[in-house]
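Worksheet for the structure shown next.
Just so it is clear, the values below take in all heavy atoms, side chains as well, and ignore hydrogens, waters and symmetry mates. Model, not experiment: these values are computed from the prediction.
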Amino acid sequence: MDEYQHSLFFEARELTDKEKQKIWRYFQKKRDSGGGVCAALESIGGSIYKISFKEIEDQERVLQRKFHTISLPSGKLDLTLSRTNSPQAPDQPLTQIFTKTNTKGLEKSYKIDIFLMYYLRDNPKANKILQKQLDSIGCRVELNFDEEEAMVRGDIEKGPGGAFGASEKWEIQVDRVFIGLTENYTCYHVLDQKQNKMLLQHHSLETGDIKVYKETGYSVVVGEIEAVKEMLAVIENSIPTRKEVPIVKNKYKLVEEEFNREIRAHYPEVKIHSDHDMIIMEGNDKQVQSGANKLDELIKKVMEKRVILPSELLTFITSSDAISKYEARFQQSHRHPVSLEVGSCLVLSSLSCGALDEAEAALKRDLSVDTVMMQGTADVSLDLDTLKEILNKAKNELNCREDKVDFSFITRTSETSGSEVRIVGCNESVKRLKAVLQDFQTNQVVTQEVLKLPQPELVHCFNEFLSLIGFKHKKVTIKTSPFPNPCVHISGPRCHVQEVMDSLTSVLSSIASEKLVLDGPGAQRYFQTEGKVSKDLVESSYQVLIREQQGVNAKEVRFTSPRPSMAQLNSKTVENVAVNKTTLKIAVGSLEDEQMNVLVVPMINKNLTSTKIGKSLLTKAGNQLQTKFHSMAANFTINPGDVLQVAGPPSLGCSKLFFIECLPWDGVRGRSVQALKNGLKRCLDLCAQQGFDSVALPVIGPGVAIKYPLGEAVEVLTDSICQFGSSPSSSTLSHIHVVIKPGYADSEECYHKVYSSLSRSQVLFRSIFTDLDDISVTVGHGVKLQVVFGDITNETTDAVVNTTNFVNFDIDGVCKDILTVAGPQVKAKLVGAHVGRGQILATQPGSFPCKAILHVSGQKDAGVIEQLVCDIIQHCESSGCKSVAIPAICAGAGKMDPGVVAAAIIRGVKRGTSSSPLHCLTDIHLVLIKINVFLEFKVETLQVFSTAVFNRVPAPQLPYVEQKSPSSVIADLSILHTSFTNRQSVFLILGLWRDDVKAAMKNLDDLYCAQCSTQTFTMEQLNGLSQNDITNLKLLVETECLYVQSGQSCLTVSGLKDGVNKVMQMINTSVHGNLRKQMTIREEEDLYSRVAWCIMGAHCNWERLPRTANHKLENKDIAGGIVDTQNVQWNVDLQKMEAVCRITRHTRMLKRLENLPDFTVPLYWENMADGENMKRFPLQPSSAEYKGVKQGFKLTSNNTVLKIERFQNVHLRQGYEAQKKHLSHKNREQGGAGEKLLYHGTTLENSDSIMKTGFNRSLAGQNATSFGHGSYFAVNASYSANPIYARPTHDGTQLMFVARVLTGVYTVGQSGLKVPPPRNIHQPHDRYDSVVDRMDNPSMYIVFHDNQAYPDYLITFK
């Protein structure tokens, strides 16, 4: 091993492994053998063994021992080690070899230390003693340095005893000689490097009796034992000691000189040097220790004194090198030096108490701190930059000398202005720098003075005035101010400010000024515009300033409010009603979560918790709401229909709560309906009066407390909102939210009823949108994903997905609806079909309006559903389908959690559209029929696809007002009249000389007079002006600053020529333009009565376009587009009958209707040929009209709609409209005609008769006459779908009419009635309009007049 390089050898018999191990452990132990870390024992051949040590010191200690005895199991083993591997005779002792060669001679060899052999060789004295001892016994010795042995030979005959007995005595005597040799001499191995160094440096230590042998890394001292010991002691004492003593520099400096004297006198051999905060002493150990004790003794004599000084002085002493200066000074002036140290205070240190006192007095006498206040003014701050520059210059000059100084600025915390300058340093320098500051305050400090102006107008032209007088002064700043009085603020160095003040005061006191009053309109306007160059020329020619006189403004023309004439009032038309700015929203959620200004809440008997809504609000708001409610309720008497106003607690996020006192349902004409109407109207009016921006209203009534029929509750709420929307006060309310709480059995029906009712009145509002509006988002590869709240059987996509378990096909839900529409052929393919888990069964669509139906089973497993959606997308792509409709798989009949289903389907859409390119599929519709399911899909879609946007929210639109027909009457011209004072313009002229001012006044007057003109207009010329023309003329008069006087037969206009000419041009243009407008308007009105152009509205209903747009479309004047009733501009393509919005780029359909001479065609009808009185129109399943009719049907019926036809019968509709007009007039105070959409089940035979002649009461009695002999109509489609009324045909289909019915004012019917009963027994001819089965929540209406019902649609269902 390379690391074990120091080997020793010994000879022994053959050793076992255990014996080798024990010998190795022996040499490992320093206390036993002197050894240390060593390698394992090695046999190098024969009986020779090697042991190798890591360190040479360990090797040498082992050699120093003469014998090594090791106890082994077989007995003791004596070893003698050497540096060489020379063999020894195995039969001799390990320490010696004895050889007997013959009978006459004796030999004996001794293994002795090689260094002892060197010593015997080099020391004659020792060698002589050894030879003498051996001679005495007849021997001689030979030293064999190669074998490291001494060979002793002797003659037996000469030795004592003779023969063999003599040889034994001889051997004993020789052994005694060599034992004595080893006992008298020693070989000491010096391993310590310091001792080795001393041996090498001091050769004097080596004498004749002591020899030193140098080896690599160590030395060997050989000699008599006592002499070697003495020499080693000398070496030990000669090795120098190093001691490090920590010190405090300041204190050490004080004792350094005395300490050095002591060391030189008593310990001259000790060397001293310093290192940072440490004193290092080297030398004899005893002397070094004594020196350290002396240093400690001296430092303890140092005394300290703490001097409290201002912090500024302490900082100055540290930064200005004052410490070294004063220490040097005290060194010279005092017997004992003084040191300075700065901390929280000044610490003086010295060996003398007197020196400390004298140093303290000197410091306090020499150093000082002074603070100088630099005063500014309230408006002008000090020029600190200049001051700092001056002080720095003075400081640098002073600091060139021994006496240093410094300064700093202190910001004052008080409200007064100014700064403080703190000066610190030597007294003399502080005084000189303070003198510099005082000089600056006297002459250089910035100050401000105020100079009053004799003319207020100089405030706005003072710079021009300074230029006029040739004033220049760069060392001050001059600013004008009109408050509190016209003045000039002069700021700058104090000496310069005073100089400028004196100069300006003198000039202003001698200035000449005059006022010029120009008696005519528009003078100031002229000299501000085209006459400005002339005015500037006058100013420069006469060395004057011309300014308008403040307080007189020629533009202040007073107008009186116009009073419209009777002709103007009578010219108003119905189309002049503007759309207000209110936005309607149907919100799905809880009222307490709405963040609106006002929340409307129902209550009964002034009880906060009488309704579920009140309880929910209390749960969220807590006792704070209850306290506020009871506090207000205790102070007021509340009647039904009254509103209790309660301040909204912060937890609800609203400003007010309006509690409506309600009554439980007591019939349509009971007190409860009227109370609720009054309360709702009061709430909306209060919002407008109190300036609230938003309000949230629930559908009040259909709960368990008030018990309204759902339809009646919706009707009362929506009617109240629409009536408010048509009132002028609605413009103050921006947002109305109708809140529908999800999770109830009738939530969907409630939503559809509210949406349908409000959509019919959308023209009254800016826009209508809901929480259930479609969501549209672009997903992977440009595919458009739409989340739709609706019925999947209304979809017209290429592919439709049907979710089924392939077992039960008649359970109400998506599967039943799709298969009913598709027909029995499709259902037959599913019966018995074997479809594996996660597989798709594609079939023909049958009668369903699509290309293919994809039947799947979700297995009620989210993983299966997700994979199915991916597979559906890939199937559509591979089969060429561009669009697909997917329901909420397993969320209906499967009863899975809608949130889990939504997450799975959305994940499937994301994976399916991003995993591989899609070239065919462009649209995916997720169609959801339940509110809670739609909301889950909406949340999931918005989380996964953050770019989702609402699709059905119409863009905010500005209100549109159809322009009135211009009145061809003479408007009230007095509104143009201007007073005489408004004609005057006053100018102030300032100059240095009065003659120049007078000349400038005359020149200015001449310039104005040359620009004036007057024109008179007769009443004949003004006869064609409209009120709008007069308003525009009024604006022109005001703009041009003209003077107008109207007489009985004329109108006189005076002023600048350009303005008068513009008035004349405007009058002529307006007269001719109005004539052309009147002709155009007459044409538009005539066309409007004959032709109706319509546009598809935002909620998929036809809206009639205004007269102007109607006229443009009919005459194909569409180059500039058209404008609808909401002021939205559209580009038109008449070939496609489409219009494109210029802002949103949305496309809408157009339609043209021609009215019959005696009949106005309803907007949702289609055109009918000449002479055609009746027509049936099958509705397209994709149309909004079809979906709306179907939606109403599906609210109460689970039957599947197969077909819907619109019925257009001109004669029947004419009779119906006439009856509607009659009932509206008759019941104008009781709610009008009461038109409702109701249902009437029928047979195939009766349907033809009804379509031709209408509902014939003479046929009454075929099914029932429990409430009279009239035509019966049901509120719910489910009732009319009963096979008793809608008798199935041979193929199982049934028929039902959706009829428009005029219910008017009604009462409970009874058997035998042929006409409604009288309303009043005293007026038998004033009868009710219809009868019902019950007054509270009627389910059936019966009419007795054939024209009171019109068959609008015919539904074929199954």
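With contacts defined as side-chain heavy-atom distances shorter than 4.5 Å, the pair Phe724/Asp685 qualifies. Side-chain contact between Glu594 and Leu599 is present, with heavy atoms from C-beta onward closer than 4.5 Å. Within the 4.5 Å cutoff, the side chain of Asn1110 has heavy atoms near those of the Leu1087 side chain. Using a 4.5 Å cut-off on side-chain heavy atoms (C-beta onward), Ile736 and Leu697 make contact. The closest side-chain heavy-atom distance from Thr797 to Asp923 is not below 4.5 Å.
For the pair Arg1300 and Tyr1350, the cation does not sit on the ring face, since its NZ or CZ is not both under 6.0 Å from the ring centre and inside 45° of the axis.
Here the CZ-CG distance, from Phe934 to Leu928, works out to 7.0 Å after rounding to the nearest 0.5 Å. Annotation: the span from Gln786 atom CD to Ile924 atom CD1 amounts to 11.0 Å, rounded to 0.5 Å. Between the CE atom of Met1096 and the CG atom of Leu1150 there is a distance of 10.0 Å, given to the nearest 0.5 Å. In this structure, CG on Leu1195 lies 10.5 Å from SG on Cys750, to the nearest 0.5 angstrom.
Partner Glu1217 forms a side-chain hydrogen bond (donor to acceptor under 3.5 Å, both in side chains) with one of Gln1214, Arg1213, Gln1219 and no other, that one being Arg1213. In summary, of the residues considered (Lys1175, Arg1176, Met1174), a side-chain contact (heavy atoms from CB on, under 4.5 Å) with Asn1209 occurs for Met1174 alone.
Sparse packing is recorded around NZ of Lys681, with 12 or fewer heavy atoms of other residues, nucleotides or ligands lying under 6.0 Å away. Within a 6.0 Å sphere centred on NZ of Lys677, heavy atoms belonging to other residues, nucleotides or ligands number 12 at most. Within a 6.0 Å sphere centred on NZ of Lys1226, other residues, nucleotides and ligands contribute more than 12 heavy atoms. Within a 6.0 Å sphere centred on NZ of Lys1236, heavy atoms belonging to other residues, nucleotides or ligands number more than 12. Heavy atoms from other residues, nucleotides or ligands lying under 6.0 Å from CD of Glu1083 number more than 12. Within a 6.0 Å radius of CE in Met1149, other residues, nucleotides and ligands contribute 12 heavy atoms or fewer.
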*Between Arg1152 and Asn1167, is a side chain to side chain donor-acceptor pair (under 3.5 Å) present by the stated rule, with each step listed?*
CA-CA 8 Å; Arg1152 179 183 181 274; Asn1167 278 320; 5.9 Å; no
Q) Could you walk me through whether Asp1352 and Tyr1216 pass the side chain to side chain donor-acceptor pair (under 3.5 Å) check? A) CA-CA 11 Å; Asp1352 215 5; Tyr1216 176 81; over 6 Å; no
Check against side chain to side chain donor-acceptor pair (under 3.5 Å), Asp693 and Ser734 | CA-CA 5 Å; Asp693 179 68; Ser734 298; 2.7 Å; yes
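The aromatic rings of Phe789 and His752 sit parallel, their planes meeting at an angle under 30°, below the 60° perpendicular limit. Between Tyr755 and Tyr751, the angle of the ring planes stays under 30°, which puts this pair in the parallel group of the 30/60° scheme.
For Phe1207 and Phe1297, the gap between ring centers reaches or exceeds 6.0 Å.
Side-chain N/O atoms of Thr718 and Ser757 include a donor and acceptor closer than 3.5 Å.
Ion pair Arg1206/Glu1166 flagged as a salt bridge, since at least one NZ, NE, NH1 or NH2 atom sits closer than 4.0 Å to an Asp/Glu carboxylate oxygen.
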